[in-house]
Each structure stands twice: as structure tokens, then as C-alpha cells.
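Residue numbers start at 1 and run along the sequence shown. Whatever order the structure lists them in is the order used to number ligands and atoms, beginning at 1.
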Amino acid sequence: MDARELLYEGKAKKVYKTDDPQQLLVSYKDDATAFNGLKKGSIQGKGSVNNRMTNFLMQKLEQQGIPTHFVRQLSDTDTLVKRVSIVPLEVIVRNIAAGSLSKRLGLPEGTPLQQTVLEYCYKDDALGDPMVNEYHIAAMGWASDEEMRTIADYALRINDFLCSHLKGVNVDLIDFKLEFGRLPDGTIILADEISPDTCRFWDSTTHEKLDKDRFRRDMGGVEGAYQEMMKRLLGA
Ligand code: 5GP
């Protein structure tokens, strides 16, 4: 790869242009932030875990018929992805109450939900990623009704696949966040990442947290939790 032109630097990743205008290089960082950037730190080895886990899961999802932005892993921390225009929504899938849902509804963390819950937040740091519904999304023109049907269908199928795959390594998928993008022809594909930064993973037996909540809540054992998830999913 030649001298790389930085296109965008986010909280956990840098995105570079490549010689191919349809592809970007994503470089995962060890930097960690929480609470909309108020808490800052570093988690050693996080970039590598998140890159490798995301790529592993996206390839599995492709096999399930879910299109993703994954093209090719270049190194432990770097991956080539398809360039998309991001749908400005965080799509949150919940199986068990935790985090902001527990707070909002006064539900103890760990309360099972009678059915899977989908939530949407408008991606805007300055506004604190406010929750929105399908009416806001249509009214603001962030995505069409048809695109939202596709996104909801993919999100639920991704949840089914991840839940059963993680069950096999004794992990419960509590909740997670997805982002989708559009290819130039309008096709909706999965983008961003699937990692301990963006999912809540609890050990099925002990309910030990194996995700970024250990960093958010100053619980210690953060690096160990990321490595443990990596070992369970990829065996290394
Ligand atoms: P909550 O709304 O409870 O804070 O988060 C629900 C789920 O979505 C959690 O698994 C959390 O990791 C993920 N999530 C929600 N918003 C964000 C975000 O802005 N960044 C990251 N990394 N994950 C998020």
C-alpha cells in the first residue's frame, strides 16, 4: 500500500483511501472511549481483536446470505472494505435488558425480554445519538421504508446467527449495535464492526461480562475479556 491518505479518524478506527475508489482501508486502534468521548483510555490488543473478530463474523454472515463490506484482511489491525455511504443510524438489537434499556424502563440488568427488541439511534455525536423511530427516519429521509425493511430483516437474521454461534462457545448475546451502508447501486450492506466494543457478551454460566462494559464501568480485566472472546470465537 502506498502512502495512505487519511479520510476519517473515528474514536476506534482510522479510515484511509486506497488506489481503488470503491474500497477503503480500515485500521483498528487500541484507543477506547465511552460515554460519547467523555471517558478515554486504551485497551491493549483491542484493535487486533476487533479487526479479526469482525472479519471472522462478517465472513460467516456472508455465508448466511447477509451482504457485508468485508473485502480482505490485510494485517492484524487492517482490513480492506467496500466503500459505502453510511445510513446515519445505529441499529440496536436487544435480547436481554441491559445498559440504557434497563435505565430507561427500570428493568434489572439480565431480565430476559419476551421478544427481540430493535431500536434506532440517529448517529450524531453532538446530539448524543438520540433514539428515533421509523417515522423520524422517513420524515428526515435518512432511509426509505424499503431500506428499513431490509435493515430490520438483516438485523434479526444477524441476531439469530450470532446468538446460536455464540451459544456454542458458552456466551449469551445480550445486545449489540450494527451500522449499514449503501453501495453506489443502492444495495444495503452491513458495515462497521461486530466486536466486544459494540456487543454485550456474557458468559452463559457465570454471567461474567466479556465486553467493553468492563472498561465503561471500571471493572478491570478489560484486556483479558477481549482476549477471552477472541479465543472462544477464533480459537486464538
Ligand atoms: P446501550 O444503549 O445499552 O448503551 O447499548 C446497547 C448496545 O449497543 C451495547 O451492546 C453497546 O455496546 C452498543 N452501542 C450502542 N451505542 C453504541 C456506540 O455509540 N458505540 C458502541 N461502540 N457501541 C454502542
Item checked: Inter- and intrachain pairs under ring-ring contact (aromatic ring centres under 6.0 Å, His included), touching residues 107-127, at least two apart -> Y122-W142
Next item on the list: Please assess E109 against R217 for the test salt bridge (charged side-chain N to carboxylate O under 4.0 Å, His left out), listing each intermediate value before the final yes or no.
Entry: CA-CA 14 Å; E109 286 207 316; R217 302 178 187 191; 2.9 Å; yes
Notebook entry, point to check: Near ligand 1, which protein residues have a heavy atom under 4.0 Å away?
Noted result: E90, I92, R94, A98, G99, S100, D129, D175, F176, K177, D197, T198, C199, R200, R216
Margin query: Please give me the minimum heavy-atom distance between P196 and D211, naming the atom from each residue.
Written below: O-CB, 3.6 Å
Next item on the list: May I ask you to list the residues sharing a hydrophobic cluster with I174, side-chain cutoff 4.5 Å, ordered by chain and number?
Entry: I96, W202
Checklist line | side chain to side chain donor-acceptor pair (under 3.5 Å) involving T116 - partner list, sequence neighbours excluded | finding: N95
Next item on the list: Show your reasoning for whether side-chain hydrogen bond (donor to acceptor under 3.5 Å, both in side chains) applies to R94 and S100.
Entry: CA-CA 11 Å; R94 299 183 185 271; S100 69; 3.0 Å; yes
